Amino acid sequence: MGGGGQLTEPGEPGSRRAGGVYTWEEVQSHSSRNDQWLVIDRKVYNVTKWAKRHPGGFRVINHYAGEDATEAFTAFHPDLKFVQKFLKPLLIGELAATEPSQDRNKNAAVIQDFHTLRAQAESDGLFRAQPLFFCLHLGHILLLEALAWLIIWLWGTSWTLTFLISIILATAQTQAGWLQHDFGHLSVFKKSSWNHILHKFVIGHLKGASANWWNHRHFQHHAKPNIFSKDPDVNMLHIFVLGDTQPVEYGIKKIKYLPYHHQHQYFLLVGPPLLIPVTCRLIIDLAWSMSYYLRYLCCYVPLYGLFGSVALISFVRFLESHWFVWVTQMNHLPMDIDHEKHHDWLTMQLQATCNIEKSVFNDWFSGHLNFQIEHHLFPTMPRHNYHLVAPLVHALCEKHGIPYQVKTMWQGIVDVIRSLKNSGDLWLDAYLHK
């Protein structure tokens with residue numbers, strides 16, 4: 001369902017005839033790893049075999065097995081007509097006429113109003129990107145990279161200048177992270193193939209990471225944000241316990257975590273856990289990543305030597321990781337983190353996300369992810385249009401009584417620390433007294 005990769009050939013046919021009629025109970029019974037059905041626009045699909053070939057990763061499909069995936073399917077795919085041909089061979093029937101279009105706890109009125117809002121955003125051209133915006137963004141990244149090297153080449157490798165270029169390089173790396181995020185969500189070009197190519201260039205050659213690894217993890221996060229066992233961004237067991245539910249569950253089980261109830265201090269001092277992407281089957285990603293490290297070493301080894309160059313990039317990564325995680329987690333970590341509740345798309349995303357106030361600095365500093373609510377609702381929308389759709393989203397939330405949170409950046413940072421401390425305290429209380 002996630003649109004993070006290229007589709008090249010239709011999927012396998014479903015195991016049953018396309019004329020079947022099913023109830024929600026029947027659909028929900030097919031939700032295991034080796035038996036997966038899902039519903040899109042009341043049509044039932046057997047995606048068991050297709051899941052392993054899904055460009056956005058098989059886990060995204062797994063997370064919606066036995067459910068209505070209509071809203072997620074629409075959100076992730078910018079060209080619905082194109083992907084329909086991959087669905088057709090998987091079709092096994094439709095919901096019975098007596099069955100509702102929504103399953104479980106999903107609110108039909110909210111779903112219909114959100115569908116209307118999305119149609120309005122499309123008619124207003126809010127899904128059309130401005131090429132100049134992204135060209136200028138790429139240009140300022142390249143300019144920062146060149147400036148850092150020129151400073152050292154012209155004036156030497158003093159501690160002061162080294163610290164200065166570390167900040168410059170960390171800024172370039174973080175801004176490249178926001179840009180690869182744009183391409184990864186297919187929000188820049190109309191043709192998905194161009195987005196995929198630029199995504200691999202930016203995340204691979206400018207950052208040294210893997211596009212496919214990012215797709216596999218990030219689309220899970222968007223599909224089921226802040227949901228345990230489904231969102232990899234909140235799967236930090238053995239390092240942190242998050243939210244109000246998990247700390248109590250694991251405290252009762254007497255499972256210890258480092259650094260126990262001081263996890264908020266650990267987060268501040270050491271920083272977030274870094275995951276190193278390893279992809280044995282994706283040689284193209286490896287080649288893109290190697291091109292970054294080869295370019296970096298060629299530029300800086302003559303100036304710093306091998307050890308100095310490794311120390312420099314390690315410090316740059318340290319600065320960048322803090323910037324990235326503080327920005328992204330202030331929108332999620334203080335929000336509801338719990339087990340699956342099967343809410344509609346709008347309710348699910350609003351429970352897991354909040355916004356940071358708009359300003360020129362905040363927009364640039366966060367790559368417009370200060371509009372995290374709008375980004376999660378419309379992941380293929382170009383980020384320069386988030387502020388235009390935000391009033392419509394806010395009005396819809398007010399209509400249905402769904403909290404729409406907007407904070408200052410300082411409050412967002414404080415809330416991350418408070419959330420981690422609260423989770424640690426809950427764990428300690430459960431561990432000692434329950």
Side-chain angles (χ1 to χ4, degrees), residues 1-2 22-48 51 54 56-77 92-96 98-115 117-118 218-235 242-246 248-249 332 335-354 372-373 376-379 393 396-397 399-405:
M1 285 196 332
Y22 305 101
T23 64
W24 275 117
E25 185 178 0
E26 288 178 289
V27 172
Q28 291 164 7
S29 68
H30 296 272
S31 58
S32 66
R33 185 183 182 94
N34 298 316
D35 181 18
Q36 300 177 19
W37 292 9
L38 53 76
V39 175
I40 299 174
D41 291 324
R42 295 191 61 86
K43 297 186 183 299
V44 182
Y45 300 91
N46 183 345
V47 295
T48 306
H54 181 238
F58 70 90
R59 293 192 185 277
V60 182
I61 297 287
N62 292 352
H63 298 338
Y64 275 91
E67 297 183 27
D68 177 30
T70 305
E71 293 186 290
F73 178 79
T74 302
F76 287 133
H77 300 101
I92 58 173
E94 60 184 17
L95 291 174
T98 55
E99 292 290 309
S101 296
Q102 294 78 36
D103 61 327
R104 309 192 199 210
N105 299 326
K106 296 174 182 176
N107 187 316
V110 170
I111 291 174
Q112 181 56 50
D113 284 351
F114 181 71
H115 176 77
L117 188 156
R118 182 181 177 88
H218 194 65
F219 283 107
Q220 291 184 72
H221 163 68
H222 269 268
K224 297 288 185 177
N226 281 14
I227 295 176
F228 293 128
S229 79
K230 294 186 177 182
D231 180 0
D233 286 6
V234 296
N235 183 24
L242 303 175
D244 296 336
T245 301
Q246 188 185 62
V248 176
E249 290 179 350
H332 291 299
M335 304 301 290
D336 184 55
I337 304 176
D338 210 334
H339 299 287
E340 177 68 82
K341 296 178 180 178
H342 300 288
H343 286 308
D344 55 83
W345 185 255
L346 181 70
T347 303
M348 177 179 67
Q349 300 296 348
L350 266 293
Q351 286 186 348
T353 57
C354 65
Q372 191 75 218
I373 292 172
H376 265 254
L377 293 174
F378 309 104
V393 174
L396 180 59
C397 290
K399 176 181 177 180
H400 291 281
I402 300 173
Y404 182 102
Q405 295 189 38

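Being a predicted model, the structure only gives us computed values, none of them experimental. Each residue takes its place number in the sequence, starting with 1.
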Residue set satisfying salt bridge (charged side-chain N to carboxylate O under 4.0 Å, His left out) with D103, at least two apart, ordered chain then number -> K106

Taking every non-hydrogen atom, the tightest pair across A75 and L377 | CB-O, 4.2 Å

Verify side-chain contact (heavy atoms from CB on, under 4.5 Å) between W24 and V39, making sure each step is shown before the conclusion.
-> CA-CA 9 Å; W24 275 117; V39 175; 3.6 Å; yes

State, with a plain yes or no, whether a side-chain heavy atom of L396 is found less than 4.5 Å away from one of I402.
-> no

Mark yes or no for whether T70, through its side chain, and D41, through its backbone, hold a donor-acceptor pair below 3.5 Å.
-> yes

More than 12 foreign heavy atoms under 6.0 Å from NE2 of H400: is that the case here?
-> yes

Calculate, to the nearest 0.5 Å, the distance between atoms NE2 and CG belonging to H343 and D336 respectively.
-> 8.0 Å

Taking the side chain from D231 and the backbone from P225, do they hold a donor-acceptor pair closer than 3.5 Å?
-> no

Mind checking side-chain contact (heavy atoms from CB on, under 4.5 Å) for N107 and listing every partner two or more places apart, or none if nothing turns up?
-> A109, V110, D344

When rounded to the nearest 0.5 angstrom, what distance separates CZ in F73 from CD1 in I40?
-> 4.5 Å

Considering non-hydrogen atoms only, spot the tightest contact between I373 and Q405 and give its length.
-> CD1-O, 3.9 Å

Worked check of side-chain contact (heavy atoms from CB on, under 4.5 Å) between Q349 and E71 = CA-CA 12 Å; Q349 300 296 348; E71 293 186 290; over 6 Å; no

Would you confirm whether the ring centroid of H63 sits within less than 6.0 angstrom of the ring centroid of H222?
-> no

Measure the spacing between OH of Y22 and CZ of R42 and express it to the nearest 0.5 Å.
-> 14.5 Å

State whether a side-chain donor-acceptor pair under 3.5 Å links H339 with E249.
-> yes

CD1 of I227 to NZ of K341: how many Å apart, nearest 0.5 Å?
-> 9.0 Å

With sequence neighbours left out, what residues match E67 under salt bridge (charged side-chain N to carboxylate O under 4.0 Å, His left out)?
-> K224, K230

Nearest-0.5 Å distance that lies between atom CG in L242 and atom CG in D338 = 12.0 Å

Looking only at heavy atoms, which two atoms of R33 and F58 are closest? And how far apart?
-> NH2-CE1, 3.7 Å

Minimal heavy-atom distance between G401 and P403, with the atoms involved, is O-CD, 3.7 Å

Of the non-hydrogen atoms in T48 and Q36, which two are nearest, and what is the gap between them?
-> OG1-N, 2.9 Å

Audit row: V234, F228, side-chain contact (heavy atoms from CB on, under 4.5 Å) steps and yes/no = CA-CA 7 Å; V234 296; F228 293 128; 4.2 Å; yes

Roughly how far, to the nearest 0.5 Å, is CD of Q112 from CG of L117?
-> 11.5 Å

For the residue pair I61 and A51, what are the closest heavy atoms and their distance?
-> CG2-CB, 3.7 Å

Determine whether E99 and E94 make a side-chain contact, defined as any pair of heavy atoms from C-beta on separated by less than 4.5 Å.
-> no

Are D233 and H332 close enough that a side-chain donor and a side-chain acceptor fall under 3.5 Å?
-> no

Quick one: sort the F219 and F76 rings into parallel, tilted or perpendicular, breaks at 30° and 60°.
-> perpendicular

